[in-house]
Peer 1: 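Structure provided below as structure tokens; questions to follow.
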Amino acid sequence: MRLRDVFVRLLRRWEIEFISTNIDRIIESDDVLQMMSVWVANGKANVCRGHRGLAFDLNGNRIDVKARAFVGRCDDAIFGREELLNEAEKEFFPYIVVDCSFFEKHIEKERRKLLLQISQTLGVIRRYMWDERLVITALDCGVGVYYPSTAKFIKDKGIEDIILLDPFGEEVFEGQRADCYIIGGIVDKVGNKTGWTSKIGKMLRNEGIEFRSMRILLRGDIVGVPDRINTIAEIVLRVVLDGEDVESAVRSVQSRLVARWRLRKELPKHTIRIDINGKPFRVVRKSEFEKFDWLNLERRDFYEVCSELGYLVIDDCKLEEIVKNAEWDEKKRRFVVNV
Ligand SMILES: C[S@@+](CC[C@H](N)C(=O)[O-])C[C@H]1O[C@@H](n2cnc3c(N)ncnc32)[C@H](O)[C@@H]1O
């Protein structure tokens with residue numbers, strides 16, 4: 001469930017079938033009803049009587065009618081932020097906390113990337129929830145809600161069910177729900193920051209805060225899971241709010257660069273070793289590409305990675321022929337052929 005669904009439920013309760021607005025940033029968004037709900041939840045607009053601008057049905061389709069209500073500013077609103085948030089309280093909308101305790105330990109270039117990822121995380125949050133669900137701790141950057149520390153936020157809110165997302169977490173994330181998911185405000189560009197997320201965990205334990213630490217895996221490995229803060233937030237929200245499985249959530253946010261890293265790791269398991277005229281080759285069947293449909297790859301990524309690794313890609317039928325005419329050398333564990 002997204003905030004949009006709660007908003008639509010309230011509109012239906014008020015027997016509003018069409019909703020209009022003249023706010024450009026809402027009209028131009030990919031998900032008009034979600035954006036309307038975000039404006040209302042953020043207290044920037046209300047649901048008011050009358051028609052303004054363009055009308056939409058409750059599936060978000062543009063409809064040429066005069067609506068009974070609009071999202072905008074007015075004095076006698078039908079409902080606003082308070083009613084919407086009261087209704088949202090009945091549903092599951094977790095906090096996403098980005099803990100920036102290590103902000104100062106980054107170089108300038110990484111800090112800029114971190115700030116960019118935080119603002120992109122707000123974009124993700126707005127596609128599912130509203131701004132107050134994003135909490136940035138130890139860094140007041142004007143995005144989401146600022147708290148001086150994650151421990152203070154958790155104690156102030158009395159939150160008990162917490163998951164720290166950590167590539168070295170003890171458990172595997174399979175869609176477990178929590179009231180709060182913590183992501184490390186860490187960018188890995190320079191130096192070795194391995195294990196820094198676990199350090200955030202240690203700091204929390206020192207403050208007496210209990211949590212589960214979980215790693216997101218793609219087919220048993222963290223290689224191939226994008227590690228940008230916004231992509232981690234999106235994976236979590238796709239899984240816990242939209243009910244997607246982890247693998248498809250990872251695939252939908254995975255860049256081709258990250259997919260290629262995983263391909264590099266997988267390909268050696270798919271090669272055949274052949275000595276041709278005494279020269280050793282590692283060969284990959286052309287059809288192996290189809291086995292990697294769980295990665296965000298194009299065929300040219302497959303060929304380029306094979307070439308980087310020094311593997312020959314051979315048509316399946318040709319390879320069958322070569323193997324048929326070759327001898328199997330048990331000692332060297334490879335085919336041998338002289339042509
Ligand atoms: C760029 S990563 C930093 C990881 C850091 N170098 C470490 O070893 O802890 C930024 C954040 O994304 C989250 N993250 C990245 N990959 C993850 C994974 N596979 N599983 C769970 N969380 C992950 C963590 O919260 C992490 O702090």
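Note that the structure is predicted; figures quoted are calculated from it, not measured. Ligands are counted one by one from 1 in listed order, and the atoms in each one are counted from 1 as well. When a residue number appears, it is its place in the shown sequence, counting from 1. As a basis for the values below, the full set of heavy atoms in this structure was taken, side chains included, without hydrogen atoms, waters or symmetry mates.
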Peer 1: Is the gap between the SG atoms of Cys100 and Cys141 under 2.5 Å?
Peer 2: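 No disulfide here.
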Peer 1: Just checking, any donor-acceptor pair under 3.5 angstrom between side chains of Gln254 and Arg262?
Peer 2: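 The answer is no; no qualifying pair exists.
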Peer 1: Classify the side-chain pair Asp316/Ser287 by whether it contains a donor and acceptor separated by less than 3.5 Å.
Peer 2: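 Yes, because at least one side-chain N or O of Asp316 sits under 3.5 Å from a partner of the opposite role on Ser287.
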Peer 1: Please output the residues near ligand 1 using a strict heavy-atom distance under 4.0 Å, listed in chain and residue-number order.
Peer 2: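 Under the 4.0 Å cut-off, ligand 1 touches Leu165, Asp166, Pro167, Phe168, Ile183, Gly184, Ile186, Asp188, Lys193, Thr194, Gly195, Trp196, Thr197, Met214, Arg215, Ile216, Ile222, Val225, Asp227, Ile232.
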Peer 1: Do Phe302 and Val284 touch side chain to side chain, with heavy atoms closer than 4.5 Å?
Peer 2: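 Side chain of Phe302 against side chain of Val284, heavy atoms only: contact under 4.5 Å found.
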Peer 1: For residues 168-177, which side-chain donor-acceptor pairs fall under 3.5 Å, sequence neighbours excluded?
Peer 2:
unit_1	atom_1	unit_2	atom_2	d
Gln176	OE1	Glu174	N	2.6
Gln176	NE2	Val172	O	3.1

Peer 1: Does Lys286 have more than 12 heavy atoms from other residues, nucleotides or ligands lying within 6.0 Å of its NZ?
Peer 2: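 Atom NZ in Lys286 is not packed in, count stays at 12 or less.
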